[in-house]
Amino acid sequence: MSAVPNAPASRLPVLAYLALAVLSVLLFLPGFFDLPPFDRDEARFAQASHQMLESGDYVDIRFQDEARHKKPVGIYWLQTAATRLVDGPKDIWTFRIPSLIGAVLAVLATAWTGARMFGGTVGFLAGVMMASCVVLGVEARMAKTDAVLLSTIVIGQAALASLYLNRHAERSGWAAPLVFWIAAGIGILIKGPIVLLVSGTTALVLAVLDRRAGWLKRLRPLVGLAIVVAIAAPWLIAITIKTKGAFFAESVGHDMMGKVVSGQEAKGLPPGYYLGTFWVTFAPWSFLALLAVPWAWRHRKGTGPVGDAVRFCIAWIIPSWLVFEAVPTKLLHYTLPVFPAIAILTAAAAREHFLRRAETPRWGLFSVATVFGAVGFGALTVAVAVIPYLVDGRVDPVAVSMLPVVLVLYALAVRLFAQRRETPGFAAGLAAAAVLYAGTYGAVLPGIDGVWISRQAARTVAAARPCTDSVVASAGYSEPSLVFLLGTDTRLTHGTGAAAHLVENPSCGLALVTDREEAEFRAALKGTEPVPLGRFTGFNYNTGKRLTLTLYGAARP
């Protein structure tokens with residue numbers, strides 16, 4: 001894929017990409033091995049992938065006996081492949097490997113795209129911002145689709161940008177269209193048509209703005225369609241036959257349309273949600289993104305390479321963002337596919353000091369951006385220090401000690417940007433993020449025992465298990481992470497079902513019972529007194545409720 005004509009230093013050296021890869025891994029690794037499985041999506045993905053390994057069925061997707069027909073099979077294949085290659089005991093981190101790799105690839109692809117558009121410095125800084133922004137750091141540590149999906153989107157957008165920015169050249173080769181369609185095919189196999197939503201709206205807006213779309217022929221759409229079909233169709237046909245069409249009814253008819261038409265899973269939120277949460281999700285760089293708006297607005301109609309690149313990024317960001325805001329179902333990571341374009345524009349604006357000159361310092365805009373950025377990043381940092389006390393009733397020394405360090409580094413970054421010293425400003429912002437992530441993911445979150453109810457349950461079961469093949473029946477607590485940690489045979493039931501399990505398996509059976517199910521559990525035992533083997537409390541962050549759970553064994557004769 002060719003570079004933008006006349007772009008300054010449009011190629012990053014290999015060492016720069018290596019540095020970004022190392023930086024990304026250093027930022028993403030804290031907590032990668034130590035954090036227990038998150039509920040609910042991560043645990044569901046990992047457990048379904050584990051069951052593929054158990055059953056040897058790599059076509060159907062199941063969580064215990066329930067068909068999981070919400071997403072295509074791509075991420076499950078990647079997770080099973082990674083876990084099989086590692087060939088170790090069942091552990092959540094092996095299923096996270098594709099997300100880690102996907103996040104690193106997304107960072108490198110962002111840097112590559114930014115370098116081709118605005119020069120090597122911009123590309124490198126855009127990569128740094130992506131590697132250190134909050135939401136990508138979260139997704140890199142979760143065994144689910146979004147980090148891998150992002151890598152396919154950014155690679156596809158890089159190819160599309162190459163075709164657009166070189167549309168006046170007499171010829172275009174096959175590299176860009178091949179990369180675009182291969183990325184699209186893989187993206188569809190990972191999470192369905194989201195990858196085409198981003199690229200399709202980008203191309204549509206560019207065609208409207210330029211009033212011409214002839215360059216899109218260079219995508220070789222007929223060949224491209226054949227590539228996508230070759231990648232995605234075999235499994236789609238196999239799952240359609242295996243489920244007699246149930247996969248499409250569930251994934252398209254229920255999952256996707258449920259998100260589009262109504263707020264699925266009680267996540268219905270009004271437009272403006274992503275704009276409000278952006279100050280946290282893109283932190284610590286969200287305040288810089290607002291400062292970049294005047295620069296992007298000024299260059300949006302330019303006729304040279306810079307103007308073309310700015311228009312491409314705007315077409316990448318705005319239509320997809322509006323679609324995400326319009327869809328009732330909203331989750332914090334949904335706007336992640338447009339963050340690379342935001343990072344690129346922000347880095348490009350920083351290179352020109354965000355259009356601030358001595359005579360027009362734009363202090364009003366800078367003040368607003370600083371306040372919102374500080375509130376977002378500051379609230380996140382303070383929350384990390386407060387949560388251990390709210391959940392476990394203790395003060396975490398790591399959380400408390402890193403609080404002033406992170407806030408001082410962030411304040412230093414803001415001050416340096418105010419002085420138009422962008423390079424040390426980026427360094428200070430990166431240092432603030434690195435300290436926060438290392439402390440939060442590496443020490444604070446793994447140490448908050450109360451939020452990891454399933455981990456407490458697994459420890460209690462391991463200490464009291466009467467048989468090596470003991471099965472646990474859980475009454476009142478049914479989070480997927482419990483199944484992942486205790487095994488596929490774990491029974492998610494109610495008080496009566498847990499009692500029946502003990503009666504049917506008096507020697508090896510175990511029952512995990514919440515305080516809310518205790519009365520029903522004991523009534524179903526009809527006077528038989530179970531043996532308490534352990535008791536613990538926790539906070540279920542999915543329901544917002546505190547729970548007390550007791551592990552029981554059957555009474556011995």
Side-chain angles (χ1 to χ4, degrees), residues 110 114 117-119 121-135 272-302 306-307 309-310 313-314 317-318 321 335 338-382 403-436:
T110 299
M117 287 180 169
F118 298 107
T121 300
V122 169
F124 187 82
L125 291 177
V128 167
M129 282 190 278
M130 284 301 298
S132 53
C133 76
V134 167
V135 71
Y273 169 81
Y274 292 120
L275 189 61
T277 57
F278 177 76
W279 305 101
V280 173
T281 54
F282 196 60
W285 315 111
S286 47
F287 81 102
L288 293 183
L290 180 57
L291 297 180
V293 171
W295 183 91
W297 182 257
R298 176 178 174 179
H299 291 90
R300 76 193 190 283
K301 292 184 177 179
V306 171
V310 169
C313 288
I314 290 174
I317 298 166
I318 293 179
W321 190 288
T335 50
V338 305
F339 279 17
I342 294 174
I344 291 169
L345 284 181
T346 302
R351 191 180 59 182
E352 296 187 17
H353 306 295
F354 301 99
L355 287 181
R356 291 182 295 113
R357 300 290 183 267
E359 64 276 9
T360 58
R362 297 182 183 273
W363 287 115
L365 180 64
F366 189 88
S367 299
V368 171
T370 300
V371 169
F372 280 106
V375 167
F377 193 64
L380 182 67
T381 308
V382 171
L403 179 62
V405 177
V406 172
L407 294 180
V408 167
L409 285 170
Y410 183 76
L412 176 61
V414 172
R415 179 178 177 83
L416 290 168
F417 279 108
Q419 297 172 344
R420 294 191 293 176
R421 298 169 62 192
E422 282 78 15
T423 299
F426 276 111
L430 176 61
V435 172
L436 178 62

Here the gap from L436 atom CG to L409 atom CG, rounded to the nearest 0.5 Å, amounts to 10.5 Å
Calculate, to the nearest 0.5 Å, the distance between atoms OG and CD1 belonging to S286 and I342 respectively.
10.0 Å
[X] versus [Y]: any side-chain heavy-atom pair under 4.5 Å?
X	Y	value
F339	T281	yes
L288	L291	yes
W279	L290	yes
I317	L345	yes

Does F426 have any ring-ring contact (aromatic ring centres under 6.0 Å, His included) partners at least two apart in sequence or in another chain, and if so, which?
W285, F417
Applying side-chain contact (heavy atoms from CB on, under 4.5 Å), can you list everything that pairs with [X], at least two apart in sequence or on another chain?
X	value
L275	E325
A343	A126, M129, M130, F282
L412	L416, A428

Are R298 and W295 in a cation-pi contact, defined as NZ or CZ under 6.0 Å from the six-membered ring centre and within 45° of the axis?
no
Indicate the atoms forming the closest heavy-atom contact of [X] with [Y], along with that distance.
X	Y	result
G114	I344	N-CD1, 3.8 Å
V338	W321	CG2-CE3, 3.6 Å
T370	F287	N-CB, 4.3 Å
C313	A341	O-CB, 3.9 Å
G127	T110	N-CG2, 4.4 Å
G429	P284	O-CG, 3.8 Å

Using residues 372-382 as the side-chain source, report each donor-acceptor pair under 3.5 Å to any protein atom, sequence neighbours left out, with the distance given to one decimal.
{"from": "T381", "atom 1": "OG1", "to": "F377", "atom 2": "O", "distance (Å)": "2.8"}

Quick check on R300: does its CZ atom have over 12 non-hydrogen neighbours (other residues, nucleotides or ligands) under 6.0 Å away?
yes
Results of side chain to side chain donor-acceptor pair (under 3.5 Å) for R421 - residues two or more places apart only:
Q419
